[in-house]
Engineer: 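The structure follows.
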2 protein chains.
Amino acid sequence: MTTVQSIDRAFAVLRSLASGPAGVSEIAERVALPKSTVSRLLSTLEELGAVEQVSAGGEYRIGWTMIELSAAARPGRSLISLTRPHLAELSRLTGEAAGISIPDGTDMLYLDQLTPDSELKVRDWTGHRIPMHAVPSGHIMLAFNDQLAERVIKSPLPPFTPHTLTTATALRQRLKVVRGAGYAWALREFAPEMNSVAAGLRATDGTVLAVLHVYGPASRFPGDRDPDELGALVKSMADKIRID
Amino acid sequence: MTTVQSIDRAFAVLRSLASGPAGVSEIAERVALPKSTVSRLLSTLEELGAVEQVSAGGEYRIGWTMIELSAAARPGRSLISLTRPHLAELSRLTGEAAGISIPDGTDMLYLDQLTPDSELKVRDWTGHRIPMHAVPSGHIMLAFNDQLAERVIKSPLPPFTPHTLTTATALRQRLKVVRGAGYAWALREFAPEMNSVAAGLRATDGTVLAVLHVYGPASRFPGDRDPDELGALVKSMADKIRID
DNA sequence: CGGAACGGTCCCATCATATGGAACAGCCGG
DNA sequence: CCGGCTGTTCCATATGATGGGACCGTTCCG
């Protein structure tokens, strides 16, 4: 498989910018390339609108073209407009943030999120990627896809909090429970102050292609509500949605 | 200004994919490059996750990486998470779609949209670009930026419907009204069956950096509501938001 | 069932083109 | 006013992108 070097490098630069705006020198260091090369890549990307210079001769950041292009990303965009009204409903019912995610390798990619206005908000995870073993949305994917589950279970399972499932047996056991219930919930397994409940979004043939979830600060979510009741709510909402 | 050819070409391919998935041959035709070159570009982009092949040996479409990268597009993302709760409120109050847009050259770029579930929905404009003279959101930008207004007025003003403002005088007159009111509304000026109301989102120094808008099918929006009353509503909501 | 007409991928000789070291220019803070 | 820091430009070099054509798999039609 032959790949084009300069494109590879261009995306390395873009990715590096995704973790925050930076100047030529810093980027050059991050991606381990000569300054001159990075400068050339950046001015090309700038002409294309993929990055923009915050002020002449200053830092670079990701530009509008990426937004434009991402709008055309089918798996994402169509899912987003399809599910957004349901996210609104779900976040209204629970008072917490609702979102969707899709599998990407052994990670979940967070595609969209609706966060009700409130004193204490969970952060916006849109565009972020989290290993499947650490989040309920990942557990959903794994519970309904045995091959994938095996692959993940064999890979390293790094902890994010003291509660992260990091052993094959713990994970297997959880997946079994999730498979039975049809929904997943986790308390402080990924972030120390965040709890989350998830259920699968199915295509017409029954395969789970994406995940619907609700999450909130551990201090008030699920609060005195029964996690299983919430799980059932999320599942019933997810079951209403058919994705193609 | 030296630019890197292959990156240029890669983005040409991506842009072409933005207008719909396609196979190698078709893309090659669209961008006027040899099949083999396009195939190589695509497999590079695929490895990077920028595109994905819907089925082995089949069509290509834009991939998840673009969503990931776009999430880091500062001007967009931070605005989106800041304004989304207000979009929810606005669409709840009006029963119609609410969205935000930012200026991009002489176009407005639609960044986000919340569409309430309903029998008849306006399409999702997220990621699309529309010339400023044709939409109220554009009128807002122009009304509060004289240089930009002059530039746009001097450029061609193509019609999209019979109601589009296509003459300098008509546009100038409209901008005057908009400037006075602090909000803009337009009936069937861009799409024949769509009406829209907009107001500016201001930074702390008072400059208008983005636009908040509400739009709905002409058949029921604004319906028997007074457009000026709606304008005042959108404006009051926009005034609550401070962007940096 | 055969074969033609697509589709996408791969190969490899050719040379256009990306490369990166070094020199340059602009900006700040001391 | 200078030293150290930016980002940008130059240009000789050879790396690496290129594209015509061969190849292979499907589909569609005779």
Side-chain angles (χ1 to χ4, degrees), chain A residues 1-66 72-75, chain B residues 1-66 72-75:
Chain A
M1 185 137 320
T2 320
T3 77
V4 180
Q5 189 191 50
S6 49
I7 297 177
D8 233 329
R9 292 175 163 189
F11 272 82
V13 167
L14 286 172
R15 269 184 203 287
S16 124
L17 279 178
S19 59
V24 172
S25 304
E26 190 182 337
I27 298 173
E29 185 150 351
R30 287 195 209 167
V31 300
L33 286 172
K35 273 202 311 177
S36 59
T37 302
V38 171
S39 174
R40 188 159 5 87
L41 292 174
L42 281 170
S43 48
T44 304
L45 289 172
E46 185 181 17
E47 207 144 309
L48 296 163
V51 303
E52 60 187 6
Q53 221 169 359
V54 41
S55 66
E59 296 200 312
Y60 285 88
R61 62 184 181 193
I62 304 237
W64 66 80
T65 292
M66 301 316 272
R74 300 249 85 238
Chain B
M1 185 142 315
T2 320
T3 76
V4 179
Q5 189 193 48
S6 49
I7 296 178
D8 233 330
R9 291 175 163 186
F11 273 82
V13 167
L14 286 172
R15 271 185 201 284
S16 122
L17 278 177
S19 59
V24 173
S25 304
E26 190 182 338
I27 298 172
E29 187 149 352
R30 287 194 210 168
V31 299
L33 286 174
K35 273 203 311 177
S36 59
T37 301
V38 170
S39 174
R40 187 158 7 86
L41 292 173
L42 281 170
S43 48
T44 304
L45 289 171
E46 185 180 19
E47 207 143 308
L48 296 164
V51 303
E52 61 187 5
Q53 222 169 359
V54 39
S55 66
E59 295 199 313
Y60 285 88
R61 62 185 181 190
I62 303 236
W64 66 82
T65 292
M66 302 316 276
R74 299 249 86 238

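No hydrogens, no waters, no symmetry mates; every other heavy atom, side chains included, goes into these values. A, B, ... follow the sequence lines: proteins, then strands. Residue 1 opens every chain. What you see is a predicted model; the values in this text were computed from it and never measured.
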Engineer: Roughly, in whole Å, what's the span from CG in A/L45 to C1' in D/dG7?
Structural biologist: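 About 16 Å, once rounded to whole Å.
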
Engineer: How close or far is atom P of D/dG7 from atom CD of A/E26, stated in whole angstroms?
Structural biologist: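 After rounding, the reported distance stands at 9 Å.
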
Engineer: Between atom CG in A/L33 and atom P in C/dA18, what is the gap in whole Å?
Structural biologist: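 Rounded to the whole Å, the gap is 15 Å.
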
Engineer: To the nearest 0.5 Å, how far apart are CD1 in B/I7 and OG1 in A/T44?
Structural biologist: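 Between atom CD1 of B/I7 and atom OG1 of A/T44 there are 5.0 Å.
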
Engineer: Would you please confirm or rule out a distance under 4.0 Å between OP1 or OP2 of C/dG7 and any side-chain N or O of B/Q53?
Structural biologist: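 No, because none of the side-chain N or O atoms of B/Q53 sits under 4.0 Å from OP1 or OP2 of C/dG7.
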
Engineer: Starting at CG of A/L42 and ending at C1' of D/dT9, how long is that distance when rounded to a whole Å?
Structural biologist: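 Spelled out: CG on A/L42 to C1' on D/dT9 is 15 Å.
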
Engineer: How far does CD of B/E52 sit from CH2 of B/W64, to the nearest 0.5 angstrom?
Structural biologist: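 Between atom CD of B/E52 and atom CH2 of B/W64 there are 6.0 Å.
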
Engineer: Whole-Å distance between C/dG8 P and B/E29 CD?
Structural biologist: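 In whole Å, C/dG8 P and B/E29 CD are 12 Å from each other.
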
Engineer: Given atom CG of A/L41 and atom P of C/dA18, what is their separation to the nearest angstrom?
Structural biologist: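 That distance rounds to 10 Å.
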
Engineer: Considering only heavy atoms from C-beta outward, does the side chain of B/V13 approach that of B/T37 to under 4.5 Å?
Structural biologist: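 With C-beta onward as the side chain, the pair stays apart.
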
Engineer: What are the atom names and distances for every N/O pair under 3.5 Å that joins the protein to nucleotides 14-16 of chain D?
Structural biologist:
from: D/dG16; atom 1: OP1; to: A/Q5; atom 2: NE2; distance (Å): 3.2

Engineer: Rounded at 0.5 Å granularity, tell me how far OG in B/S39 sits from CD1 in B/I27.
Structural biologist: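 Interatomic distance, B/S39 OG to B/I27 CD1, rounded to 0.5 Å: 10.0 Å.
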
Engineer: Which distance, rounded to the nearest 0.5 Å, do you find between the CG of B/L17 and the CD of B/E59?
Structural biologist: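 So the CG of B/L17 and the CD of B/E59 are separated by 9.5 Å.
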
Engineer: Output the rounded distance in Å from CD1 (B/I27) to C1' (C/dT9).
Structural biologist: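 Distance check: B/I27 CD1 to C/dT9 C1' gives 14 Å.
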
Engineer: Output a table of nitrogen or oxygen pairs between the protein and nucleotides 21-23 of chain C separated by less than 3.5 Å.
Structural biologist:
from: C/dG21; atom 1: O6; to: A/S36; atom 2: OG; distance (Å): 3.3

Engineer: Protein-nucleotides 3-5 of chain D N/O pairs closer than 3.5 Å?
Structural biologist:
none

Engineer: Quick one: CD on B/E47 to CG on B/L45, what's the gap to the nearest 0.5 Å?
Structural biologist: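 CG of B/L45 is found 10.5 Å from CD of B/E47.
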
Engineer: Indicate the atoms forming the closest heavy-atom contact of B/A50 with B/M66, along with that distance.
Structural biologist: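 Looking at all heavy atoms of both residues, the shortest contact is O-CG, 3.8 Å.
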
Engineer: Taking 4.0 Å as the cut-off, does a side-chain nitrogen or oxygen of B/S25 come that near to OP1 or OP2 on C/dC6?
Structural biologist: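 For C/dC6, neither OP1 nor OP2 has a side-chain N or O of B/S25 closer than 4.0 Å.
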
Engineer: When the distance from CD of A/E46 to P of D/dT9 is rounded to whole Å, what number comes out?
Structural biologist: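 After rounding, the gap between these two atoms is 11 Å.
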
Engineer: Would you say A/Y60 reaches D/dT8's phosphate, i.e. side-chain N/O to OP1/OP2 under 4.0 Å?
Structural biologist: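 Checking D/dT8 against A/Y60, a side-chain N or O does come within under 4.0 Å of OP1 or OP2.
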
Engineer: Before giving the answer on side chain to side chain contact (heavy atoms under 4.5 Å, CB included), spell out for A/V4 and B/R40 the whole-Å C-alpha distance, their side-chain angles and the decisive distance to 0.1 Å.
Structural biologist: CA-CA 7 Å; A/V4 180; B/R40 187 158 7 86; 3.9 Å; yes

Engineer: Quick one: closest heavy-atom pair of B/A73 and A/G63, and the distance?
Structural biologist: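 Answer, listing the atom of B/A73 first, then A/G63: CB-O, 4.0 Å.
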
Engineer: Could you walk me through whether A/L48 and A/T65 pass side chain to side chain contact (heavy atoms under 4.5 Å, CB included), step by step?
Structural biologist: CA-CA 7 Å; A/L48 296 163; A/T65 292; 5.7 Å; no

Engineer: Kindly give the heavy-atom pair with the smallest separation between A/R30 and A/S19, and that separation in Å.
Structural biologist: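 For A/R30 versus A/S19, the nearest heavy atoms are NH1-OG, 3.4 Å.
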
